Number of protein chains: 2
Amino acid sequence: MLSKKTKYGLKALAFLASQKDKQPVQIAEISRQENISQKFLESILLSLRKTGFLGSKKGKGGGYYLIKDPKEVLMTDVMRVLEGPISMVPCVSLNFYEKCEDCPDEKVCSVNKLMLKVRDANLSVYRNNTLADLIN
Amino acid sequence: MLSKKTKYGLKALAFLASQKDKQPVQIAEISRQENISQKFLESILLSLRKTGFLGSKKGKGGGYYLIKDPKEVLMTDVMRVLEGPISMVPCVSLNFYEKCEDCPDEKVCSVNKLMLKVRDANLSVYRNNTLADLIN
DNA sequence: TATTATCCTATTGATTTTATAGAGTAAACA
DNA sequence: TGTTTACTCTATAAAATCAATAGGATAATA
């Protein structure tokens, strides 16, 4: 299941990407337009800022804005920040690899074998979609 | 993340599929061979029996065995039973469809749009793999 | 200096996951 | 018929994660 955090984060990014100008948009407005709890959204946008997707401006006329062109924002990067690893098990993860404790040998592990295919399928979707592809 | 339930369930199914004969295998043996908590495995195997993947036999010489030929067991069916919906959001689910409360219109929803592609990518993996493909 | 709006930490409540315990039931076998 | 074996079932509990809330701090603007 997609976490609400990711869902809200994607909606917020798409909302910002669909703005005509590059003017900052306030959390309150995104929260209102996208039906998202404002406080929860605050923490999500903060993490997107800290990871380089968003910029922010404080005070009157402030808010959040996209740093890059939506066409340059890969879904792989967004998903890894919001949802975490794209792989369903750490032993097939490119960016978050970890050995399974219970598994004596990955090379003959049935789960590893299947999840490798799943990872590749998901990666190819996320690599071939940018933020620009999420809006119309 | 893949749940332990699914991971253990897949390993148990693969273990049963790799048996030469069709003789029942005891929970205790699967648990030992695959490093799975026996009590937890019990409940997983029970659910696989109730959903038609496994048969069981009580008493001495009893245990669990595969009902169908591994080649006939699609991963879509296994995953839906063990892990639940293949879709990451209910609004793109084939078998567990549900409308999002917060979303006014799916047709213009950025999350829906992306998750539809993800669903199709995952489905194509699960539809093109059977239990037989998990073993060597 | 007053207002606006982001920044940050802490905490809480709900839900899900991952088991564990223990008694019950059915089959095999001597 | 009685004992052993091994699955069946329900209940419960510990742990982890998720989703949300509270409230004050900080910085920019006018």
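As the structure is a prediction and not an experimental result, all values here were calculated from the model. Every chain is numbered from 1, with letters handed out A, B, ... down the list of sequences.
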When the distance from [atom1] of [X] to [atom2] of [N] is rounded to whole Å, what number comes out?
X       : N      : atom1 : atom2 : answer
B:Glu29 : D:dT5  : CD    : P     : 16 Å
A:Glu83 : D:dT17 : CD    : P     : 14 Å
A:Met88 : C:dT17 : CE    : P     : 12 Å
A:Met1  : D:dT17 : CE    : P     : 19 Å
B:Lys4  : D:dT17 : NZ    : P     : 11 Å

| task | Report the residues that fulfil side chain to side chain contact (heavy atoms under 4.5 Å, CB included) with A:Ile67, sequence neighbours left out, ordered by chain and then residue number. | result |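 Partners of A:Ile67 by the side chain to side chain contact (heavy atoms under 4.5 Å, CB included) criterion come out as none, since no residue qualifies.
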| said: Restricting to ring-ring contact (aromatic ring centres under 6.0 Å, His included), what partner residues turn up for B:Tyr8, sequence neighbours left out? | reply: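 Once residues adjacent in sequence are excluded, the partners of B:Tyr8 under the ring-ring contact (aromatic ring centres under 6.0 Å, His included) criterion are B:Phe40.
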Tell me which donor-acceptor pairs under 3.5 Å the side chains of residues 12-30 of chain A have, and how far apart each pair is, sequence neighbours excluded?
unit_1, atom_1, unit_2, atom_2, d
A:Ser18, OG, A:Ala14, O, 3.4
A:Ser18, OG, A:Phe15, O, 2.8
A:Gln19, NE2, A:Phe15, O, 3.3

Atom pairs, N/O to N/O, protein against nucleotides 28-30 of chain D, distance under 3.5 Å?
none

| Side chains of B:Val118 and A:Leu2 in contact at under 4.5 Å (non-hydrogen atoms) |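 Side-chain contact under 4.5 Å: no.
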| request: With the side chain counted from C-beta on, respond yes when A:Asn122 and B:Asn122 share a heavy-atom pair under 4.5 Å apart, and no when they do not. | output: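 Heavy-atom side-chain distance check passes, below 4.5 Å.
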Identify all pairs in which a protein N or O lies below 3.5 Å from an N or O of nucleotides 11-16 of chain D, and state each distance.
none

| query | Going by number, which of residues 31-54 of chain A have a non-hydrogen atom under 4.0 Å from DNA chain D? | reply |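 Listed by number, they are A:Ser37, A:Lys39, A:Phe40.
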| Sequence neighbours excluded - salt bridge (charged side-chain N to carboxylate O under 4.0 Å, His left out) pairs with any residue from residues 95-109 of chain B |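 Checked against salt bridge (charged side-chain N to carboxylate O under 4.0 Å, His left out) - neighbours excluded - the pairs reaching residues 95-109 of chain B are A:Lys7-B:Asp102, A:Lys11-B:Asp102, B:Asp105-B:Lys107.
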| task | If a pair satisfies salt bridge (charged side-chain N to carboxylate O under 4.0 Å, His left out) and one of its residues is in residues 30-39 of chain B, list it, with sequence neighbours excluded. | result |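 Pairs touching residues 30-39 of chain B that pass the test: B:Lys39-B:Glu42.
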| Nearest heavy-atom pair of B:Gly84 and B:Phe96: which atoms, and what distance? |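 Smallest heavy-atom distance, with atoms named: C-CE1, 4.5 Å.
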| request: Working to the nearest 0.5 Å, report the span between CG of A:Leu41 and CG of A:Asn35. | output: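 That separation rounds to 11.5 Å.
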| request: For DNA chain C, determine which residues of residues 9-28 of chain B have any heavy atom closer than 4.0 angstrom to one of its atoms, and list them numerically. | output: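 Residues of residues 9-28 of chain B under 4.0 Å from DNA chain C: none.
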| request: Look at the side-chain heavy atoms of Ile, Leu, Val, Met, Phe, Trp and Tyr, link any pair under 4.5 Å apart, and say whether B:Ile86 and A:Met115 land in one connected group. | output: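 Yes: a chain of side-chain contacts under 4.5 Å links B:Ile86 to A:Met115.
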| query | Taking only residues two or more places apart in sequence, or in another chain, which ones meet A:Ser3 in a side-chain hydrogen bond (donor to acceptor under 3.5 Å, both in side chains)? | reply |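 side-chain hydrogen bond (donor to acceptor under 3.5 Å, both in side chains) check on A:Ser3 returns A:Thr6, A:Glu83.
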Check: residues 70-81 of chain B side-chain donor-acceptor pairs under 3.5 Å, at least two apart:
none

| Below 4.0 angstrom from OP1 or OP2 of C:dA19, is there any side-chain N or O of B:Tyr8? |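 Answer yes for this pair, as a side-chain N or O of B:Tyr8 is under 4.0 Å from OP1 or OP2.
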Sequence neighbours excluded and cut-off under 3.5 Å, please list the side-chain donor-acceptor pairs for residues 44-61 of chain B, or say none.
unit_1, atom_1, unit_2, atom_2, d
B:Ser47, OG, B:Ile44, O, 3.0
B:Thr51, OG1, B:Ser47, O, 2.7
B:Thr51, OG1, B:Leu48, O, 3.3

